[in-house]
Protein chains: 2
Amino acid sequence: MSGGEFNSWQSVQAEVLRRINAREWKPGEFIPNEAELAIEFNCARATVNRALRALADTGLIDRRRKAGTRVALHPVRKATLAIPVIRSEIEGKGQSYRHSVLVEERVAPPPDVRARMRTGPGDRLVHLVTLHLADGKPYVFGDRWINPKAVPAIETADLKAQSANEWLVANVPFEGGDFSFSAMTAGKREAEILACKEGEGLFVIDRSTWNQDQVITSVRLTFAPGYRMHTEI
Amino acid sequence: MSGGEFNSWQSVQAEVLRRINAREWKPGEFIPNEAELAIEFNCARATVNRALRALADTGLIDRRRKAGTRVALHPVRKATLAIPVIRSEIEGKGQSYRHSVLVEERVAPPPDVRARMRTGPGDRLVHLVTLHLADGKPYVFGDRWINPKAVPAIETADLKAQSANEWLVANVPFEGGDFSFSAMTAGKREAEILACKEGEGLFVIDRSTWNQDQVITSVRLTFAPGYRMHTEI
DNA sequence: CAGGTTAATATGTATATACTTATAATCCAT
DNA sequence: ATGGATTATAAGTATATACATATTAACCTG
């Protein structure tokens, strides 16, 4: 019974994975507790803990104190996604990167943006529309709003040299953010900026980042047709 | 100098985060090594390790043996994404779930699918087109190919009662998968199935799952207009 | 039997210690 | 200089032990 050589948390993880895959432990079922597995695998409980914690992070098993550990009913639910950093993404493909600022203004935002940014009625925000080009061809454009109350230094930043995203990443810490991914239909404006046809389906990322209760910036990235975001598990 | 009460890895993590956010440790800079931080925080090195490892997992810091730990240049690069399980997603919103099978056949696939599934020239695959409805309205449809060599039991499964995805999740273990997210333009077929207008932008997920070198299944989910996938960091 | 208290238990975490491994830095011979 | 061996270092990991914490399960008590 007492198994073979399981002296690394990876090997324990691999064996647990094998049993789950082989349906020795079926979805929804409890698996033995850490202490029992440690004895079986002839290793320390901390090693088993490390292995199981890693599996729990991926969503393959569910763990609760006192209750125990069970195989998740829907084994695959989480994937790690790399958020694109436009410049590196383009340069990583061996293409040249360039960007140009289409709009730079300080205005009172439309109601939807005001709601998203949680700013007062009279507040004016920095509004930037930036086009990013790969090998000279439109790749994505960003429609961005920045709250100068959260980022006073934005007033003096030179956003011609460095894109707003790069400047913000380098100069403004933030605590949280949320992302959403969707599709839209290219209208006249998008078709013009991205040099595509009206009515094409475009991939869109909306992102906002905040500190405490203040929204720092909110941006919509609209990608040229053909863009794909990829991940593995 | 020797800090206050840092007796949990979370508190160490919080303090490291604070220093990064406060730019006490700037992007690209090295931070003190684990041993030094352990002394400063008056805790065990393992505790510091746990905290830093968690931060490295999110992409906020980069770590390498011997070299040390530095603050990442592009702080935010990874997000955990919940892969939607259609039925739960719909029922979770309090809507009723229903699905119907539009196509169920066993045929030799077109060349692009054959390449993706890595099957031989003569091989026939199970092809399923399934529409998922929320409160009776089209929500998403899946165009799926299954390799019966990798999943012999598929022949006898009743895919009317349970959707192919649910059946596969419950019955077929797999080792890896890849996902890609993109947008497409609704053509005649998509418009018909999803009851939307031709030319609308649709959100698309392509997914395949495999075991060793065998591709088990490959599916394209095409969502009705308005779908958004959301995540936080 | 309902409802609240208590005990039992599995995971979660902290610690000291020891050893492993990747690799940057140094040294040395050519 | 150049390239190859050596060394020093920081992260990575394993382990025994101890204690914390969230729950479940068992036990009262009215």
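In the text below, chain A, chain B and the rest are named by the order of the sequence lines, each starting its count at 1.
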What closest approach, in Å, do R98(A) and G136(A) show between heavy atoms, and which atom pair accounts for it?
->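 For R98(A) and G136(A), the tightest heavy-atom pair comes out as NH1-CA, 4.1 Å.
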
Would you indicate what [X] reaches in the nucleic acid, counting non-hydrogen atoms under 4.0 angstrom: base, sugar-phosphate, or nothing?
X	answer
R45(B)	base
R50(B)	sugar-phosphate
Q10(A)	sugar-phosphate
N7(B)	sugar-phosphate

[X] [atom1] - [N] [atom2] separation (whole Å):
X	N	atom1	atom2	answer
F41(B)	dA16(C)	CZ	C1'	20 Å
R70(A)	dA10(C)	CZ	P	14 Å
N33(B)	dA24(C)	CG	C1'	14 Å
L52(B)	dG12(D)	CG	C1'	12 Å
I39(B)	dT15(C)	CD1	P	14 Å
L37(B)	dA11(D)	CG	C1'	12 Å
E34(A)	dG12(C)	CD	P	6 Å
R65(B)	dT7(D)	CZ	C1'	17 Å

Look at the side-chain N and O atoms of [X] and state whether any lies under 4.0 Å from the OP1 or OP2 oxygen of [N].
X	N	result
R64(B)	dG12(D)	no
T47(B)	dT15(C)	yes
N49(A)	dG12(C)	yes

When you measure from the side chain of W9(A), which nucleotide among dT15(C), dT15(D), dT13(D) comes out closest?
->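 Nearest to the side-chain atoms of W9(A), counting from C-beta on, is dT13(D).
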
Check your understanding: Nearest of dT15(D), dT11(C), dA14(D) to any side-chain atom of C43(A)?
Key ->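 Of dT15(D), dT11(C), dA14(D), dT15(D) is nearest to the side chain of C43(A).
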
Are any of the side-chain heavy atoms of S163(B) and R87(B) separated by less than 4.5 Å?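 The answer is no; the side chains never approach within 4.5 Å.
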
_R19(A) and E15(A) ion-paired at < 4.0 Å_ =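 A salt bridge is present here (some side-chain N lies under 4.0 Å from a carboxylate O).
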
Distance-only donor-acceptor test (3.5 Å): side chain K66(A), base dT23(D):
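There is none.
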
**Message:** Is there, by distance only and without an angle test, a donor paired with an acceptor across the side chain of R63(A) and the base of dT11(C) below 3.5 Å?
**Reply:**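 A donor-acceptor contact between them is absent.
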
Where each residue is assigned the nucleotide of DNA chain D containing its nearest heavy atom, which of S8(A) and A35(B) is assigned the position nearer the 5′ end?
->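 The residue mapped nearer the 5' terminus is A35(B).
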
Notebook entry, point to check: Does a donor on one side chain and an acceptor on the other come within less than 3.5 Å for E89(B) and Y139(B)?
Noted result: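 The answer is yes; a qualifying pair exists.
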
Exercise for review: Could you tell me whether the side chain of S218(B) and the main chain of S208(B) form a donor-acceptor pair under 3.5 Å?
Suggested key: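 Checking the backbone N and O of S208(B) against the side chain of S218(B), no donor-acceptor pair under 3.5 Å is found.
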
